[in-house]
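Letters go in sequence order (proteins before strands), and every chain restarts at 1.
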Amino acid sequence: MDYFIKSIVSLLKEKTDLREDEIEKRIEIPPVLKMGDYAFPCYTLSKILKKPPNSIAEELTKILHPVSPITGIRAIGPYVNFFVDRSIFSERALKKIHEEKDSYGSDDTGSGKTIVIDYSSPNIAKHLAVHHLRSAVIGNAIYHIYKALGYSCVGINHLGDWGTQFGQLIVAYRRWGDESTRKTYTVTDLNSLYVKFHQEAEKNPALEDEAREWFKKLEAGDPEARTLWQHFKDISLKEFQKLYDMLEVHFDAYIGESFYNTMVEDTIRRIKEKGLAKISEEALIVDLEPYNMPPCLLRKKDDATLYATRDIAAAEYRMRTYNFDKMTYVVGSEQKLHFKQIFKVLELMGYDWASRCVHIDFGLMKFKDGKMSTRKGKVVLLEDLLIEAIERIRKIIEEKNPLLEDKDAVAKEVGIGAIIFADLSTKRNKDIVFDWDTVLNFEGETGPYVQYTHARLCSILRKYNQPVTGEVNYELLKEDETFRLIKNLWQFPSVIQRAAESYEPSLLCNYLIDVCGNLNRFYNTYRVLSDVEELTKARVFLVDATRQVIKNGLNIIGIHSPDRM
RNA sequence: GCGCCAGUAGCUCAGCUGGAUAGAGCAUCGGAUUUCUAAUCCGGCGGUCGAGGGUUCAAAUCCUUCCUGGCGCGCCA
């Protein structure tokens, strides 16, 4: 527990009948600094004691006596407000950050536990477009967040590398694939083959049967089908990898749907043994009527399995392999029902770990005038967006900081950071309307703003050019603008905690914006480097701590913190 | 038709599990730099928190009805 909250709780515990955790839960931070640093609302006590909260606050204030680090207690309306000793607070907070460095904000609550995170999971033979970005960056952030809490994390890219579309692709490739360029095929080529197939199939429906035949061959392990399928996969993965490298999104395993092909029969057998499966309209299903859900389809009437079947097999496999404490799927909210169904089936199969499976859903990305669609080619390619962002940043650098060294590297870090930050900063829940001008705006609450703030702090420290030490006079960090910032830095660990609990990386974005706002106000109000040595040392120490927190925060959401920009 | 999600300033969003005066950014208007990076900061403008009803000492937050938008609802993933 927070040292200062702890002090307040122990004061209150003596004078009320509430339990420690009840008190702690109620402690809040007043909306404005003048009111105090922490507050205890008296509404619950008011209910118990049957007295107005205001008079309880008054009475409590009279019988409570401030003990260090608490310096003042004041009743304001229904609240008992506590003031902390600013220099003790500052010393404690800043020294902690200074000592813990890159691990400030982390803890070990998850040590010994394993979390599996399924994210990105794109389909083979299709380009990654902007709407694929969310899963990747949210998943990556969740990965870092849980890592910071000591969890052992397993990032899985559950590739969409199975299904009838591969039969279609094989047919198209064999018929229209250009012999001379096959070696240099790209995802674009695969995509056009795919489109061509659908055009031709309209005129000649026999192609569909041919495609089904080829998919059957593939399932049966036919060497030619297998070789082509592997070829398509290689081409796609090569392109995906390029983007993952740009975004610095990491996976511990690339295990596609095809991998579970050999396991689904066992899975279906287990489901049958539990008496869960039945035939309906020629298909094999798990009836979920009693749970107010449509049935979960395991097998089509032509005997082929479906993705739900493979997902169930995958879940079993992951449990066997990783023995996870938590398994999460970072997948769009349009698949909510699907996950509800498979989690229910897992539960019905008797797996207690079904309750530890979580669908981390997120809103769709669409254009102002409608949805994105790979089929209609109405998408913005992820690579194009990243390149555009980098180029625009490059121009801004040229304009604002022409003497900067290594402009290309910085432009890349800032451009990509801007895209990641933009995608992460609204709550997962909400749909996002894609708009070039919004994504490529670099002022205000944006990634570049946070990075810029960081770079300015680095600049001060470079200019200072002396070892930073915590042996400073903390009495000099008492101004409101300064103290507000220090209090803000102290919140960082609890923000990570909340982000983890709610699987919500946007909390970290909001937090960073907040810290930067406080820092910039401080920066614009006071001069850090001056002739007054004592004051300089104290402020430099604060600057260094702020730099550290911004760096740690950006790092957790997968964004670089350049020293100059 | 049924289910899930959303509706807060002109636009994009915060508002921490019911609490103090609903906050930011963008846009717009006006200001701040002989000094640490102006990708910054300060101020003005801007709100019946979709609408009605209810619960409560207290509702943007909880319940309910309705409106609007998005998504989903057996052989795609």
(message) On the nucleotide B:C75, are OP1 or OP2 found under 4.0 Å from the side-chain N or O atoms that A:R299 carries?
(response) no

(message) Does either side chain, that of A:H338 or that of A:D311, offer a donor lying less than 3.5 Å from an acceptor on the other one?
(response) yes

(request) Would you kindly give the CD1-to-C1' distance between A:I342 and B:G74, to the nearest whole Å? (result) 16 Å

(message) Among B:G15, B:A77, B:G74, which nucleotide has an atom closest to any side-chain atom of A:Y307?
(response) B:A77

(message) On RNA chain B, does the nearest nucleotide to A:F442 precede the nearest nucleotide to A:G160 from the 5' side, or the other way round? Give the residue.
(response) A:F442

(request) For nucleotides B:C2 and B:A22, find the distance between their C1' atoms and express it as a whole number of Å. (result) 36 Å

(request) Tell me, please, which residues at least two apart from A:E59 pass side chain to side chain contact (heavy atoms under 4.5 Å, CB included). (result) A:K51, A:S55

(request) Sort out for me which residue in A:Y503, A:F339, A:F343 forms a ring-ring contact (aromatic ring centres under 6.0 Å, His included) with A:H359. (result) A:F339

(message) For a quick check of understanding: with a heavy-atom distance under 4.0 Å over all strands, which category does A:P41 fall into, base, sugar-phosphate or nothing?
(response) nothing

Atom pairs, protein N/O to nucleotides 28-37 of chain B N/O, distance under 3.5 Å:
| residue | atom | partner | partner atom | Å |
| --- | --- | --- | --- | --- |
| B:U35 | O2' | A:R527 | NH1 | 3.1 |
| B:U35 | O2' | A:R527 | NH2 | 3.0 |
| B:C36 | O4' | A:R527 | NH2 | 3.1 |
| B:C36 | O2 | A:L529 | N | 3.1 |
| B:C36 | N3 | A:V528 | N | 2.9 |
| B:C36 | N4 | A:Y523 | O | 2.8 |
| B:C36 | N4 | A:Y526 | O | 2.5 |
| B:U37 | OP1 | A:S459 | OG | 2.1 |
| B:U37 | OP2 | A:S459 | OG | 3.1 |
| B:U37 | O2' | A:Y452 | OH | 2.2 |
| B:U37 | O2' | A:R456 | NE | 3.0 |
| B:U37 | N3 | A:M565 | O | 2.9 |
| B:U37 | O4 | A:M565 | N | 2.8 |
| B:U37 | O4 | A:M565 | O | 3.3 |

(message) Taking ring pair (Phe, Tyr, Trp, His ring centres under 6.0 Å) as the definition, give me every residue that meets it alongside A:F4, ordered by chain and number, with sequence neighbours left out.
(response) A:F89, A:W490

(request) Answer yes when A:K395 and A:E391 have at least one side-chain N-carboxylate O distance shorter than 4.0 Å, and no when they do not. (result) no

(message) Regarding A:L297, tell me which of base, sugar-phosphate or nothing describes its non-hydrogen contacts under 4.0 Å with the strands shown.
(response) base

(message) Suppose you measure atom P in B:G70 against the same atom in B:U65; what distance do you get, rounded to whole Å?
(response) 22 Å

(message) Just checking A:Y317 against A:Y260, ring centres under 6.0 Å apart?
(response) yes

Would you list the protein and nucleotides 20-23 of chain B atom pairs, both N or O, that sit under 3.5 Å from each other?
| residue | atom | partner | partner atom | Å |
| --- | --- | --- | --- | --- |
| B:A20 | N7 | A:Y79 | OH | 3.4 |
| B:A20 | N1 | A:N81 | OD1 | 3.3 |
| B:A20 | N1 | A:N81 | ND2 | 3.1 |

(request) Compare the minimum distances between each of B:C26, B:A77, B:C75 and the side chain of A:Q335, then state the nucleotide with the smallest one. (result) B:A77

(request) Please confirm whether A:F40 and A:F82 have ring centers closer than 6.0 angstrom. (result) no

(message) Dot-bracket, 5' to 3', for RNA chain B please: Watson-Crick or G-U pairs under 3.5 Å, [ ] where pairs cross earlier ones, | where the partner sits on another strand, dots elsewhere.
(response) (((((((..((((.....[...)))).(((((.......))))).....(((((..]....))))))))))))....

(request) For nucleotides B:C62 and B:C49, find the distance between their C1' atoms and express it as a whole number of Å. (result) 16 Å

(request) Please work out if A:R310 contacts a base, only the sugar-phosphate, or nothing of the nucleic acid, heavy-atom cut-off 4.0 Å. (result) sugar-phosphate

(message) Taking atom types as they are modelled, would you say the side chain of A:S333 forms a donor-acceptor pair with the base of B:G70 within the 3.5 Å cutoff?
(response) no

(request) May I have the distance from A:E22 (atom CD) to B:U17 (atom P), rounded to whole angstrom? (result) 18 Å

(request) Return the value, rounded to whole Å, for the distance between atom OH of A:Y449 and atom P of B:A24. (result) 12 Å

(request) Could you state the atom-to-atom distance from CG of A:L364 to P of B:G69 in whole Å? (result) 17 Å

(message) Looking at A:E504 and A:R498, is any side-chain nitrogen of the basic one under 4.0 Å from a carboxylate oxygen of the acidic one?
(response) no

(request) Give the rounded distance in Å between these two atoms: CD1 of A:I513 and C1' of B:C26. (result) 13 Å

(request) For the residue pair A:H198 and A:Y194, categorise the inter-ring angle as parallel (less than 30°), tilted (30 to 60°) or perpendicular (more than 60°). (result) perpendicular

(message) Set out, in order, the CA-CA distance, both residues' side-chain angles and the distance that settles side-chain hydrogen bond (donor to acceptor under 3.5 Å, both in side chains) for A:R456 and A:N520, then state yes or no.
(response) CA-CA 10 Å; A:R456 288 170 115 188; A:N520 281 311; 2.9 Å; yes

(request) Start with the C-alpha distance between A:Y38 and A:E28, add both sets of side-chain angles, then the distance that settles side-chain hydrogen bond (donor to acceptor under 3.5 Å, both in side chains), and finish with yes or no. (result) CA-CA 6 Å; A:Y38 294 96; A:E28 35 186 284; over 6 Å; no

(message) Run the side-chain hydrogen bond (donor to acceptor under 3.5 Å, both in side chains) test on A:S506 and A:S425 for me, step by step, so that the C-alpha distance in whole Å, both residues' side-chain angles and the decisive distance to 0.1 Å come before the verdict.
(response) CA-CA 5 Å; A:S506 65; A:S425 55; over 6 Å; no

(request) Would you indicate what A:E257 reaches in the nucleic acid, counting non-hydrogen atoms under 4.0 angstrom: base, sugar-phosphate, or nothing? (result) sugar-phosphate

(request) Examine B:A77: is either OP1 or OP2 under 4.0 Å from a nitrogen or oxygen in the side chain of A:K126? Give yes or no. (result) no

(request) Could you work out the separation of B:U64 and B:C71 based on their P atoms and round it to a whole Å? (result) 25 Å

(request) Using atom CD of A:E445 as one end and atom C1' of B:A24 as the other, report the distance to the nearest whole Å. (result) 5 Å

(message) Between B:G30 and B:U34, how far apart are the two C1' atoms, rounded to whole Å?
(response) 24 Å

(message) Expressed as a whole number of angstroms, how long is the span from A:K336:NZ to B:A6:P?
(response) 7 Å

(message) Here's a test of your reading of the structure: between A:N123 and A:P448, which maps to the more 5' nucleotide of RNA chain B?
(response) A:P448

(request) State which of B:C75, B:A14, B:C41 makes the closest approach to the side chain of A:K430. (result) B:A14

(message) Using a strict threshold of under 4.0 Å (side-chain N to carboxylate O), is an ion pair present between A:E282 and A:R299?
(response) no

(request) For A:I432 and B:C13, give me the distance from atom CD1 to atom P, rounded to whole Å. (result) 8 Å

(message) In the structure I gave you, are the side-chain heavy atoms of A:E208 and A:Q168 within less than 4.5 Å of one another anywhere?
(response) yes

(message) Distance check, P atoms only: B:G50 and B:A9, in whole angstrom units.
(response) 8 Å

(request) Between B:A59 and B:G18, how far apart are the C1' atoms? Round to whole Å, please. (result) 7 Å

(message) Taking only the P atom of each, what is the distance from B:G7 to B:U61 in whole angstrom?
(response) 11 Å

(request) Give me the one residue out of A:D423, A:V330, A:D361 that meets side-chain contact (heavy atoms from CB on, under 4.5 Å) with A:I138. (result) A:V330

(request) Mind listing the residues from residues 409-429 of chain A sitting with a heavy atom below 4.0 Å of RNA chain B? Number order is fine. (result) A:T426, A:K427, A:N429

(message) For a 4.5 angstrom cut-off between non-hydrogen side-chain atoms, does A:F215 reach A:I170?
(response) no

